[in-house]
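In what follows, every chain begins at residue 1, and chains take the letters A, B, ... in the order their sequences are listed. Computation of the quantities below employed the complete heavy-atom set of this structure, encompassing side-chain atoms and omitting hydrogens, waters and symmetry-equivalent molecules.
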Number of protein chains: 2
Amino acid sequence: MKALSSPVRLKIVDELSRGDRCMCELQPMFPMNKSTLSRHVAALKNVGIVSERREGVRGYLKLQTPCILNVFDCTMGVIRAEAKRQAKLARG
Amino acid sequence: MKALSSPVRLKIVDELSRGDRCMCELQPMFPMNKSTLSRHVAALKNVGIVSERREGVRGYLKLQTPCILNVFDCTMGVIRAEAKRQAKLARG
DNA sequence: GCATGGTTGCGCAACAATGCACTATAGTGA
DNA sequence: TCACTATAGTGCATTGTTGCGCAACCATGC
């Protein structure tokens with residue numbers, strides 16, 4: 001769960017849910033040093049959420065756990081419910 | 001997700017999945033200062049994962065999002081897969 | 001050797017967790 | 001009404017953890 005607790009890593013997972021990517025493809029999408037991005041990816045690899053397959057000089061990342069996407073659904077549900085609750089509170 | 005990134009909060013959610021609890025019931029289960037526990041619970045309330053219903057002097061906590069339990073299932077799957085992978089690595 | 005793709009060591013700043021002391025509120029009973 | 005207790009939340013200081021960039025490094029292929 002800790003590995004999914006950062007917006008950056010969530011965005012990486014989201015991106016990988018649309019297909020495999022190499023670091024070099026991810027780098028333009030993230031406005032940060034490549035070392036930082038590398039560490040975020042490493043965090044996801046460490047816990048087994050993504051895997052890597054080398055193709056020559058590049059390493060392609062693959063989302064290893066499709067059920068993560070259900071987690072996103074649940075999260076969105078929580079966010080929507082909370083937004084509704086806040087709106088109700090604001091109305092009084 | 002951040003709210004679920006702490007072992008303590010995961011344990012709280014797990015406990016609430018078995019029924020509503022008040023802080024005073026949770027306190028004996030957690031070897032920490034009550035203020036710390038209170039803050040963990042507050043974090044879960046803030047994001048709408050748990051709700052509170054007051055009964056006199058006590059506040060009963062309720063798990064607001066059953067889909068969180070699916071998240072646990074997914075997580076366990078990842079953990080099992082990772083354990084298997086590690087075992088395979090160890091065998092060589 | 002050299003370019004490309006990716007990782008690691010290090011130090012700093014920001015953030016999160018914790019315990020202690022204190023406060024706030026609801027209920028209880030003289 | 002006024003203490004008194006039980007339950008829960010806050011302010012603050014300390015400590016531990018995380019995210020980050022920089023620079024150096026490792027690995028692959030030409």
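Positionally, the nearest nucleotide of DNA chain D for B:Lys45 lies more toward the 5' end than for the other of B:Lys45 and A:Pro31.
Under the 4.5 Å side-chain criterion, counting only non-hydrogen atoms from C-beta, B:Leu69 is not in contact with B:Asp73. Using a 4.5 Å heavy-atom threshold, the side chains of B:Val71 and A:Thr75 count as separate. Residues A:Leu37 and A:Ile12 are in side-chain contact: their nearest non-hydrogen atoms beyond the backbone lie under 4.5 Å apart. Considering only heavy atoms from C-beta on, A:Val8 stays 4.5 Å or farther from A:Thr36 through its side chain.
In this structure, the separation between NZ on A:Lys62 and OG on A:Ser17 is 12.0 Å, given to the nearest 0.5 Å.
For the side-chain contact (heavy atoms from CB on, under 4.5 Å) test, residues two or more places apart in sequence or in another chain that qualify with A:Arg21 are A:Glu15, A:Leu16, A:Arg18, A:Glu25, A:Leu26, A:Met29.
Hydrophobic cluster membership of A:Val57, counting Ile, Leu, Val, Met, Phe, Trp and Tyr whose side-chain heavy atoms lie under 4.5 Å apart directly or via other members: none, as it forms a cluster of its own.
As rounded to whole Å, 11 Å separates atom P of D:dG19 from atom CG of A:Leu44. Put simply, CZ on A:Arg9 is 13 Å from C1' on D:dC20, counting in whole angstrom units.
Proximity of residues 46-64 of chain A to DNA chain D (heavy atom under 4.0 angstrom from any strand atom) is restricted to A:Gly56, A:Val57. Interface residues of residues 10-30 of chain A facing DNA chain C, ordered by number: A:Cys22, A:Met23, A:Cys24; criterion, heavy-atom separation under 4.0 Å. For the contact set between residues 32-42 of chain A and DNA chain C, defined by any heavy atom under 4.0 Å, the members are A:Lys34, A:Ser35, A:Ser38, A:Arg39.
Hydrophobic cluster membership differs between A:Ile79 and A:Leu10, with clusters built from Ile, Leu, Val, Met, Phe, Trp and Tyr side chains linked at under 4.5 angstrom. Side-chain heavy atoms closer than 4.5 Å link hydrophobic residues (I, L, V, M, F, W, Y) into clusters, and following such links, even through other members, never connects A:Ile68 to A:Tyr60.
Exactly one residue among A:Thr65, A:Leu63, A:Leu61, A:Val13 makes a side chain to side chain contact (heavy atoms under 4.5 Å, CB included) with A:Leu44. That residue is A:Val13.
Taking both residues in full, the closest heavy atoms of B:Pro28 and B:Cys24 are given as CD-O, 3.1 Å, listed atom of the first, atom of the second, then distance. Taking all atoms of both residues into account, the shortest heavy-atom contact from A:Cys22 to A:Arg58 is SG-CD, 4.2 Å. Minimum interatomic distance between B:Ser38 and B:Met23 (heavy atoms only, all atoms of both residues): CA-CE, 3.5 Å.
Annotation: the terminal axes of the helix from C:dG1-D:dC30 to C:dA30-D:dT1 meet at 20°, where each axis is the rotation carrying the C1' atoms of four end pairs onto the next four (5 pairs per end, rounded to 10°).
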